[in-house]
Structure formats: structure tokens, C-alpha cells
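These notes concern the structure reproduced below.
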Amino acid sequence: MKVLAILYQGGEAATNEPRLLGTVENKLGIQQWLESQGHEFIVSSSKEGPDSDFQKHIVDAEILITTPFHPGYLTRELMEKAKNLKICITAGVGSDHIDLDAAVDHNIQVLEVSGSNVVSVAEHVMMSVLLLVSEIARNAFDLEGKVVGTLGAGRIGYRVLQRLQPFNCKELLYYDYSPLPAAAAESVGARRVEDLKEFVSQCDLVTINCPLHEGTRGLINADLLKHFKKGAWIVNTARGAICDKDAIAAALASGQINGYAGDVWNVQPAPKDHIWRTMKNHLGGGNGMVPHYSGTTLDAQARYANGTKTILENYLQNRPQEPQNIIVGDGRYESKAYGQR
Ligand code: NAD
């Protein structure tokens, strides 16, 4: 069986640090295990254009492993060429780099390692929140007394709410089409706002924690930004394309928002001239962008590498997969997180 993995280059760091499992060098720690069973395991970071290893090997691979950090974008067109492909495994959380509707049509399963890096991301969100709010002197504030809302209150959004609790915010809000169980909402003291414009208009800071799908692509656009509180902050560790990049840069320059931070970009790696690399507020700050790494702490890498192996074992031994990991199963969406259907 041919297994293709598109991972990122770790270079010398990965050679010296075997716990950097998500790299081309360390191959999720599964090379020997797969090859000892007679499977062919191709690992590469080359993913763009017709001559890339991704496009060369996808045509006869049965299993594709990718990560959201250095995503191999599996389009409908590529899927049509991938005649043997049966299963795509995301080593991490967030499978929007796979055309999920096309996977449904082609009866290709899509699984991810749910929960594997949600703590890592929630901690990064807290760091970014504090970074934006507590700039220096004339643009520095306390988080205490502010209204903070999460757009998406799933595994990460809920953990962010939990971590915000000790900061004595004025109010914690959430916007999600799936309401939190009453006891969970009560335990973090979060109130649900059902209208998106109303939600953003009440928040001093919005943290975005929902998947990218047709209902969230470009959701934070010029029109919605007008409804934000003037001078609000935005933290987006979910997916870059949920925000319109030019509208964000313009809102930051005009003062409609005071800061924007996150680790996700609409295309990865981000082009050198991506405006989020250099955008600033009128005081020359307010930019907390970093490369996509929040979900790839060493703890997270151990969990998503193990989880990938478990999904592979289940597939190879024809055992059922853990339901929470299945995004697309037998020709249909199994997850409610990638849009309301
Ligand atoms: P999850 O499935 O547990 O929760 C997602 C929540 O978003 C669900 O409650 C869902 O109902 C909600 N949602 C979906 N569409 C929505 C919409 N239109 N409006 C409001 N809410 C909506 O997922 P999670 O584990 O919390 O992860 C969320 C996302 O975070 C992932 O899909 C991924 O894109 C991103 N992520 C980023 C990193 C990183 O390294 N930066 C790592 C992990 C996950």
C-alpha cells in the first residue's frame, strides 16, 4: 500500500530534536512501523505545482497524510487524478485544506486527530490576547473589565473561555450555531449571542475558534468590521481565510480595530508581500502575527503523531475509527463543525 505524507521541513533542529515528529526528517515516528509491514511510505515537503512530490505521488497513493501547518492543498482537480486514494488523515486539527465536498463526492474519508492540539492553541490565544491588550503605555489596557467573545465555542473556544475566567472580564460571550451544554456555559459564565453583528458589537476582543468552511470563509469582512466596537482587538488562530486580509489591514490602519494577532494565514506559507506581515495600527503596533505554530508544541506533536498512527492502524486492520475523528465518512459529512447541513 502506498502512503504519502506531506510534512514540513525541520532542518537541523529536527535532526537534533526527535520530538519534532511532524517534520519530514522525523516522519511522525511511523516510518519503520509502516515499512516493516511492507508498505511504501513517501514523505516530502514539496507540495506546489505539477512537478511537486505531492502531485507526482498523489496519483497512486491510497493514504494521504497532511498537516495544517504546511498544508498539501488537495483540490477537486487533484482528487480526480488520485484514483487509488481512500483516506486523508490530518495530523492535527483542521482539514479545510482538503476539498471536503469533493471528498464526499469521491467517497474519500477525511479524518483528523480531534483534540490533539487544542490546549496548545488555547494557550497561544491567551498569549496573543495579553500581547495585544497590554501594549506599551499609551496603548496598554487591562484585560479585567473587558468583554471578550469567542466565535466558535468548541474544544478550543471553550478552553479559551476557561482560561479567561480568572482575568475577571466584564463578560464572556460566545457565538456558535451549536449551543454549549447549559452546565458548561454556566461553569465558565459565558452568555450566547445568536446574532453575529450583535455579538461583535458587544466585544472588546473577539477570538476566532471555528473551522474554515463555506459559512466562515471571509466572514470577517469590511461589512462586518463596521459592526465591531471601535478599537476592538481580534485574535485568530483558527484559519486565515476566515478574515478578509485587506479588510483587516485597512481596519487596523483606520483605527476601527486596535490590534490583530494570530498564527494562521489564508495561504501557507504566506507570500513575502502578505500585508499581514507588515500591517500596523496608527501607533505603529497592533500586529501579533507569527507563523503557523500554535498547534504544534512538542506535546501536541506527540499527540497528533500517536493519533495518526491509531487512525492508520484502524484503517489497515479494518477496524472502526473513533467517531470524533471522522470529518467525512462513507460519502457524507460526519462532523457538525464544518457547517450546518
Ligand atoms: P471543534 O470542532 O471542537 O469546534 C469548532 C466549533 O466551531 C464548533 O462548536 C462549531 O459548531 C463552531 N462553528 C462552526 N462553524 C461556525 C460558524 N459559522 N459560526 C460560529 N461557530 C461555528 O474544533 P476545535 O478543536 O475547537 O478547532 C477549531 C478550529 O481551530 C479548527 O477547525 C482549526 O481550523 C483551528 N485550529 C488551529 C490550530 C493552529 O495551530 N492554529 C490548531 C488546531 C485547530
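Positions are given from 1, in the same order as the sequence printed here. Each ligand, and each atom within it, is numbered from 1 in the order the structure gives.
Atoms of ligand 1 lying under 4.0 Å from at least one heavy atom of A337, given by number and element, are 2 (O), 14 (C), 15 (N). Close approach of ligand 1 to F69 (heavy-atom distance below 4.0 Å) involves ligand atoms 40 (O). With ligand atoms numbered from 1 in the order given, ligand 1 contributes 41 (N) to contacts under 4.0 Å with heavy atoms of V264. Counting atoms of ligand 1 from 1 in the listed order, those under 4.0 Å from a heavy atom of T216 are 17 (C), 18 (N). Ligand-side atoms of ligand 1 in range of G295: 39 (C), 40 (O), range being under 4.0 angstrom from any heavy atom.
For atom 38 (C) of ligand 1, the closest non-hydrogen atom on the protein side is V121 CG2, 3.5 Å. Looking at atom 25 (O) of ligand 1, its nearest protein heavy atom turns out to be V118 CG1, 3.3 Å. For atom 43 (C) of ligand 1, the closest non-hydrogen atom of the protein is N117 OD1, 3.2 Å. Counting only heavy atoms of the protein, atom 7 (O) of ligand 1 lies nearest to P211 CD, 3.4 Å. Of the protein's non-hydrogen atoms, V93 CG1, 3.9 Å is the one closest to atom 31 (C) of ligand 1.
When only modelled atom types and interatomic distance are considered, T15 and E25 share no side-chain donor-acceptor pair under 3.5 Å. Looking at E62 and Y315, their side chains do bring a donor and an acceptor atom within 3.5 Å of each other.
Within a 6.0 Å radius of CD in E186, no more than 12 heavy atoms belonging to other residues, nucleotides or ligands are found.
A salt bridge between E144 and K146 is absent, with no side-chain N of the basic residue lying under 4.0 Å from a carboxylate O of the acidic one. Salt bridge present: D204 and K229 bring a charged side-chain N and a carboxylate O closer than 4.0 Å.
Contacts with ligand 1 closer than 4.0 Å are made by side-chain heavy atoms of R239 only, the backbone lying farther away. At a heavy-atom distance under 4.0 Å, no atom of L196 approaches ligand 1.
Summarising the contacts of atom 27 (O) of ligand 1 with T90, I156, L219, the nearest heavy atom is found in I156. Residue nearest to atom 8 (C) of ligand 1, selected from T150, V160, D176: D176 (by heavy-atom distance).
Screening residues 239-265 for salt bridge (Lys or Arg N to Asp or Glu O under 4.0 Å), with sequence neighbours left out, gives D96-R239.
In this structure K2 satisfies the salt bridge (Lys or Arg N to Asp or Glu O under 4.0 Å) test together with D60, sequence neighbours excluded.
Heavy-atom distances between R159 and ligand 1 stay at or above 4.0 Å for every pair.
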